[in-house]
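In this text, all values refer to a predicted model and were calculated from it rather than measured experimentally. Residue numbering restarts at 1 for every chain, and letters A, B, ... go by the order of the sequence lines. In what follows, every heavy atom counts, from backbone to side chain, and hydrogens, waters and symmetry copies are set aside.
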Number of protein chains: 2
Amino acid sequence: MQHQNLVNVITDALPGLNKSERKVAEAILSDPESATGSSIASLAKRANVSEPSVNRFCKRFNTAGFPDFKLKLAKSLVSGVRFVNRNVDPNDTVESYTPKIFDSTINDLALIRDSIDHSVVNAVVDQLIQAKRVYFFGLGTSGSVARDAENKFFRFNLPVSFHDDVLMMRMLASTGSAGDVFFVISHTGRTKEIIDIAEIASNNGATVIALTSSSSPLTAVSSIALEVDVPENTDEYMAMTSRIVHLVVLDVLATGFTLRRGPDFLPHLERIKNSLKPTRYQSED
Amino acid sequence: MQHQNLVNVITDALPGLNKSERKVAEAILSDPESATGSSIASLAKRANVSEPSVNRFCKRFNTAGFPDFKLKLAKSLVSGVRFVNRNVDPNDTVESYTPKIFDSTINDLALIRDSIDHSVVNAVVDQLIQAKRVYFFGLGTSGSVARDAENKFFRFNLPVSFHDDVLMMRMLASTGSAGDVFFVISHTGRTKEIIDIAEIASNNGATVIALTSSSSPLTAVSSIALEVDVPENTDEYMAMTSRIVHLVVLDVLATGFTLRRGPDFLPHLERIKNSLKPTRYQSED
DNA sequence: ATTATTTACGTAATTTTACTACATATGGGG
DNA sequence: CCCCATATGTAGTAAAATTACGTAAATAAT
């Protein structure tokens, strides 16, 4: 885990710290934001320890010294590090749970950004570019993602549709053939019905692209799997962020698609955009 | 604009800088990451200017001094500052456009996280808690958001539905009354049809909640407006991130809702979660 | 229990870093 | 060509961080 959050690292290390180090840790955790701005002297005073104790504390956390520590702490605080991996609890107020939700989403996006396999993205764009037809399949929450994907990809002058009805999916899969792309979205990748359908399409020679988590049964029956591992959310209060990540991945694919089509294609997109103008009040974008 | 990215600010200010300041700017921009780690002396040397010039440069950008500047620069570099507000261009490869898309989404989320009005969130949760019925309305992309909202809120044992058919919406609005909540989602808030419908519902005494951008016509005809201003994306290649922000805002509302309902409600959510188990292979969460 | 030994912590000196005040230079307008 | 404004650098000062060292506390061994 390359990019662990300093605040969390300190919190986790708390039990193993000795007296003055713990004082420093508590002083920092009580107000991390202000810690990034203060000098070693003022922090030492606030924690009731000597300056070298603060310095030693910093070095314990793999930083070159106090300035370096402040820097890394500051970085940790961006994109809501304060709350990342900190669950919503029943005592939270709007002021506290709102940033928690945002931050946990941001955190997951950053995670996938850094771990997504670019060659797979490229391969998927390849398939989409060549496709005669594209079907987006998804159930439940993933159904909304599939619907959004349709809305995005139809702009590319490509026969595309989304489906959230398993019988419809099954029929379409059974009539699929080479040139058809079945883009199957499933967070768990374990829904039996969906796996069945993917298998049918695959057996008919169609291309099956899965947007799902790694080493899921769905991956196994797909031509290409865009494996996106969003950390499971065990917290009852916390939302499922996987669908958000999926949407962004689809944005990435759409971007790749547009770039591959080249600049001649842009006027077409512009035309679609403009088509909505008469439905709106006043001018915009 | 409170939280502009320092790297971009410097880039934009470049033309208006004088000679030595520009040298400093270029030295920083050529390797911002290393700039955050170096001392004022080494940076001055690298830019071929004196130390006070570097200091003056920092102050010009509304920072207290060099250390403060480094801090802010470091923060800017987190969550892909490299790319934020930097558009996708035709020469981008997968490796470069992928993080751009993620970062622009992350950036927008952070922006809204810091600017969202908590009291409005609270007020909306109030209304949802009291609602006899909730309708989620949205067209196009916002239709997918509405669909996702339905999927989220039906778990609360609340009569809820989503609609993306304007005739259906119109009929529902016309039969609405006090106790009914019409939750209208629209990025622009300018779609005539939607505004009409919101007005009808409102005139019938129903509560109209709008999730839209500020000072839009839709805001005017709503009981409560959750104003979320996602920066317009003028780039042809870049995706619309407003729908993602909307989804997260709905997550926030759902969280607020759950918390308001109290811990007695959690077993109900658990039961819904478990209901899907038989549809899947193997065990999970 | 008492001493030895390690570990923790603080004091003070040293070094590094940043800032300020001032001086010189550079360039544009009269 | 000189004056004034702005830009930049020099040198000194203050602040900050680090190191070296010494003392105190804690732990282990006898």
Is [X] salt-bridged to [Y], cutoff N-O under 4.0 Å?
X: A:Lys75; Y: B:Glu33; result: yes
X: B:Asp148; Y: B:Arg243; result: no
X: B:Arg260; Y: B:Asp126; result: yes
X: B:Asp89; Y: B:Lys100; result: yes
X: B:Asp68; Y: B:Lys72; result: yes
X: A:Glu21; Y: A:Arg56; result: no

Just the rounded figure in Å: distance from C1' of D:dA7 to CZ of B:Phe57.
15 Å
May I have the distance from B:Leu71 (atom CG) to C:dA18 (atom P), rounded to whole angstrom?
13 Å
For each nucleotide in nucleotides 17-24 of chain D, reading 5' to 3', give B when a protein heavy atom comes within less than 4.0 Å of its base, S when such contact involves only the sugar-phosphate, and - otherwise.
BSB-----
Going by side chain to side chain contact (heavy atoms under 4.5 Å, CB included), name the residues that satisfy it together with A:Ser213, two or more places apart in sequence or in a different chain.
A:Ser216, A:Asp229
For the backbone of B:Ala254 and the side chain of B:Thr258, can you confirm whether one donor and one acceptor N or O come within less than 3.5 Å of each other?
yes
Could you tell me whether B:Val54 contacts a base, only the sugar-phosphate backbone, or nothing, with contacts defined as non-hydrogen atoms closer than 4.0 Å?
nothing
Using a cut-off of strictly less than 4.0 Å, decide whether B:Asn18 has a side-chain nitrogen or oxygen near OP1 or OP2 of D:dT8.
yes
Sub-3.5 Å pairs of nitrogen or oxygen atoms, protein against nucleotides 27-29 of chain C:
none

